[in-house]
Novice: 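Sharing a structure, written as structure tokens. Questions coming.
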Protein chains: 2
Amino acid sequence: MNEQTAPGRVGDVRRRNLSLVMDSIARTGDAKPSRAQLAAGTGLTKAAVSSLVADLVESGLVSEVGLYRDGERGRPGQGLELSARRGVVGMEINVDYLAVGLVDLGGNLRFHSTVESRNRGLAPEKVMERLGGLAAEAIAAAAAADISILGGGLAVPGLVDEQHNLVLSAPNLHWEHEKLNPQNLLEGAPLGVRLSNEANSAALGELWYGAGRPDFLYVSGEVGVGGGVIIGSELYTGPGGSAGELGHIVVHPDGPGCSCGGAGCLETFAGQEAIFEAAGIPEGSLGQRTELLLAALTAQEPRATQAVHDAGRYLGVALASSARLMDIEAVVLGGHFAVLAEWLRPSLISSLERYAPGLLDPSNLTVSTLEHSGTLLGAAGQVIRSVIESPFEFLLASKLA
Amino acid sequence: MNEQTAPGRVGDVRRRNLSLVMDSIARTGDAKPSRAQLAAGTGLTKAAVSSLVADLVESGLVSEVGLYRDGERGRPGQGLELSARRGVVGMEINVDYLAVGLVDLGGNLRFHSTVESRNRGLAPEKVMERLGGLAAEAIAAAAAADISILGGGLAVPGLVDEQHNLVLSAPNLHWEHEKLNPQNLLEGAPLGVRLSNEANSAALGELWYGAGRPDFLYVSGEVGVGGGVIIGSELYTGPGGSAGELGHIVVHPDGPGCSCGGAGCLETFAGQEAIFEAAGIPEGSLGQRTELLLAALTAQEPRATQAVHDAGRYLGVALASSARLMDIEAVVLGGHFAVLAEWLRPSLISSLERYAPGLLDPSNLTVSTLEHSGTLLGAAGQVIRSVIESPFEFLLASKLA
DNA sequence: ACAATTAGTTTTCAATCTGAACTATATGCG
DNA sequence: CGCATATAGTTCAGATTGAAAACTAATTGT
């Protein structure tokens, strides 16, 4: 008799309603709803909302922001928002850079800093040390703005074991089964630091703060081609945690071997390296090569044009297969696919039309609007989201302290 | 302020716990748990379980089945089971046959009948009329066994709109946007008749009564190649309801055109028709052709062997891509893939090893154990499951009646 | 100044769980 | 046979919490 569902206790109702109210405030965003509006929106009575909001305000998660005047007559309401004085630090380790940001509960990026850093092949301890310096900046920024840091999120370009703070495999960093200690980056943060995958975090960033919809596929074009699958407004990671490996979908059964051990993978046709090579861009830093490629495309050089055209075509094959299997009806392009979108779109769309006619409307094929902060926002957002989803646990913890 | 979550009311606790108890009884299955065991298993107190079980017994969903003696000492418990006197009729329309079964709440197939029927191109009304005859047999069998019919499930090989009883498209039946009236098949059944897709129902049948696990992909090889995606013990249908279209995953970008309008689809390599043709099996009824093919395979005729080998190879490509995208770690083969499994497996496994090495362990590649009743069980199971998941609503309805 | 209107609080009530005490029914040993 | 022991199931007081309705608070318009 394996039990997965906890019994319903009377107190669960309050847990759920605390979350419902917080979520409602979060979703209403800049509108700063009053208690009465929340009651109307949630279906709870005004009395219940008042009681719930009182708990949330007391814990510091929600704050009143002055009077709110909407209609012409009547007593004005107290506007409510997720506290701007509670924040989460989002952090990102990628192949060519490190980034840190401070996000308040309302999802506003209050501080942001990126530094170039060639992390490929570097020891994890070394990278974490550098990241620690950046994190200290975020901590200082928080102190200056009187923001108390609840926790942090750290995104890395690889498969992670969140429970044990392990990076199981990050081929582009040359990391394999590395133990990180992200908690050290933010000592004393009550919710700790949560490790996550870069493409997944970017997908969540789009969902919560960008172009996302309840169901979509985020395509991350960094050094590798990754993806994040959002189903019903939740990240789908699969039983083993490695879902969304769009880069290793087979797009041609007779294609070349791939670093993953497979063959004919999308990444061998549409990865950064594959495109640069096919376009005839010489070795160099990522920034340089990208500039050269964009220049070549602007100049309509045939090799570059063809390379991007092919990448789009094969990306179309992968998206067609994905749309069939998962009924994906919206796609958000990120990373280098966002940069190349202008040149990529025509062949991508015609490929989709050829392999999955009518399934994916081109208007649902959008480009990330968050640029470089998407991953950061997503990494921090996961911690913010956990507070929105179970504020009761947070209340408990803060009462004990 | 779009609201999706209903507010938590005090009464919700009971809803949830009624479901928890029913689910617990269902999962314990043949063990017929006592109230005390349920209390231990669910984490509820004995008092709460007693009260919940009383409601369920009163409504007829659960019945006491005599004393249960486990330990040596102490008062023996009353064994509980989902009532064997409440049933759901599972029905299936397929291209070459019609089938009906009677399933009791405990998931036991109490009556089963299949008839050959060439339904391709037949008007839906005609087919429904024939099906009505079979349904009458099930109703008679239920009456004879003193089983009261709560509802029914009807599976068809096509995309359905469950809300409006529409078959949006069933290409293999030559149906397009047909309105069915499945309610007429079981007049007076309180929960009505629920329309569903054949591959999805078969997948659910495997999940609840067969080889399924919490996460797996069911591959249905009927006239078309379909699939059912089970994630976290739930069917994933996608935002548009058409997820799992494994047959139209692109396995070769230069492949031939497909009936779906795309190109290079798996179905053009591994569909029944494609295999028969490649194997050189002449036209005829499905049964005849299958026998010829099996005979040819047993005789190791090269053409047939090669045809099945190729089908396995391309199925491997599709499964490799699926495993990457959705982190699928288990597959159940049904339909003609189950029949051909013996000859299909070698090339399928080597293809998986080539395109997604290490991802899908061959031991997690199993064959359906339910044979022809899987779809039926799944179609009925959806109604049974809805009762297990919200017995409160059922109690209400039965109190009004 | 007062009616009208909207925001938010207080009070009473019902639902339903927990926990503890209690009753019911079995086994085993002297 | 009778009583200790053990387990199943029931009863009842107590706590939590939202609904409903009445009430108080704050603002605008005439």
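Remember, predicted model here, so these are calculated numbers, not experimental data. Below, chain A is the first sequence line, B the second, and so on; all start at residue 1.
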Novice: If the cut-off is 4.0 Å, is A:Arg9 near the phosphate of C:dT18, judged by side-chain N/O to OP1 or OP2?
Specialist: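 So the side chain of A:Arg9 is within the cut-off, an N or O lying under 4.0 Å from OP1 or OP2 of C:dT18.
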Novice: Roughly, in whole Å, what's the span from CG in B:Asp12 to C1' in D:dT16?
Specialist: 15 Å
Novice: Determine the contact category for B:Val13: base if any of its heavy atoms lies under 4.0 Å from a base atom, sugar-phosphate if only primed atoms, P, OP1 or OP2 are that close, otherwise nothing.
Specialist: sugar-phosphate
Novice: Using whole Å, report how far CG of B:Leu18 lies from C1' of C:dC17.
Specialist: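 In whole Å, C:dC17 C1' and B:Leu18 CG are 13 Å from each other.
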Novice: Between atom CG in B:Leu80 and atom C1' in D:dA8, what is the gap in whole Å?
Specialist: 12 Å
Novice: Under the criterion side-chain hydrogen bond (donor to acceptor under 3.5 Å, both in side chains), I'd like the reasoning laid out for A:Ser24 against A:Thr42: C-alpha separation, chi angles, the key distance, then a yes or no.
Specialist: CA-CA 7 Å; A:Ser24 225; A:Thr42 57; 5.9 Å; no
Novice: For the pair made of CZ in B:Arg15 and P in D:dT17, what is the distance, rounded to whole Å?
Specialist: 19 Å
Novice: Test of understanding: with salt bridge (Lys or Arg N to Asp or Glu O under 4.0 Å), list the residues that count as partners of B:Arg75, not counting sequence neighbours.
Specialist: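 Checked B:Arg75 against salt bridge (Lys or Arg N to Asp or Glu O under 4.0 Å); zero matches.
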Novice: Under the salt bridge (Lys or Arg N to Asp or Glu O under 4.0 Å) rule, collect the residues that match up with A:Arg110, sequence neighbours excluded.
Specialist: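 Only A:Asp104 meet the salt bridge (Lys or Arg N to Asp or Glu O under 4.0 Å) criterion with A:Arg110.
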Novice: Give the nucleotide from the list D:dA19, C:dT16, C:dT27 with an atom nearest to the side chain of B:Val10.
Specialist: C:dT16
Novice: Considering residues at least two apart in sequence or located in another chain, which fulfil the salt bridge (Lys or Arg N to Asp or Glu O under 4.0 Å) criterion with B:Glu234?
Specialist: none
Novice: Grab the N/O contacts between the protein and nucleotides 7-10 of chain C below 3.5 Å, and write none if there aren't any.
Specialist:
| unit_1 | atom_1 | unit_2 | atom_2 | d |
| --- | --- | --- | --- | --- |
| C:dA7 | O4' | A:Arg75 | O | 3.2 |
| C:dA7 | N3 | A:Arg75 | NH1 | 3.0 |
| C:dG8 | OP1 | A:Gln78 | N | 2.6 |
| C:dG8 | OP2 | A:Arg35 | N | 3.0 |
| C:dG8 | OP2 | A:Ala36 | N | 2.9 |
| C:dG8 | N7 | A:Lys46 | NZ | 2.5 |
| C:dG8 | O6 | A:Lys46 | NZ | 3.0 |
| C:dT9 | OP2 | A:Ser50 | OG | 2.1 |

Novice: Under 4.0 Å between a side-chain N/O of A:Asn17 and OP1 or OP2 of D:dG18, yes or no?
Specialist: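 Checking D:dG18 against A:Asn17, a side-chain N or O does come within under 4.0 Å of OP1 or OP2.
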Novice: Let me know the distance between CG of A:Leu395 and P of D:dT17, rounded to the nearest Å.
Specialist: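 Taking atom P of D:dT17 as the reference, CG of A:Leu395 is at 11 Å.
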Novice: Would you list the pairs meeting salt bridge (Lys or Arg N to Asp or Glu O under 4.0 Å) in which at least one residue belongs to residues 33-50 of chain A, sequence neighbours left out?
Specialist: A:Arg35-A:Glu64
Novice: Do B:Val88 and B:Val387 touch side chain to side chain, with heavy atoms closer than 4.5 Å?
Specialist: no
Novice: Whole angstrom is fine here: how far is it from CZ in B:Arg14 over to P in C:dT18?
Specialist: 11 Å
Novice: CZ of A:Arg73 versus C1' of C:dT5: gap in Å, rounded?
Specialist: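 Atom-to-atom, A:Arg73 to C:dT5, this comes out as 6 Å.
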Novice: Sequence neighbours left out, what passes salt bridge (Lys or Arg N to Asp or Glu O under 4.0 Å) with B:Arg15? Give chain and number order.
Specialist: B:Asp12, B:Glu393
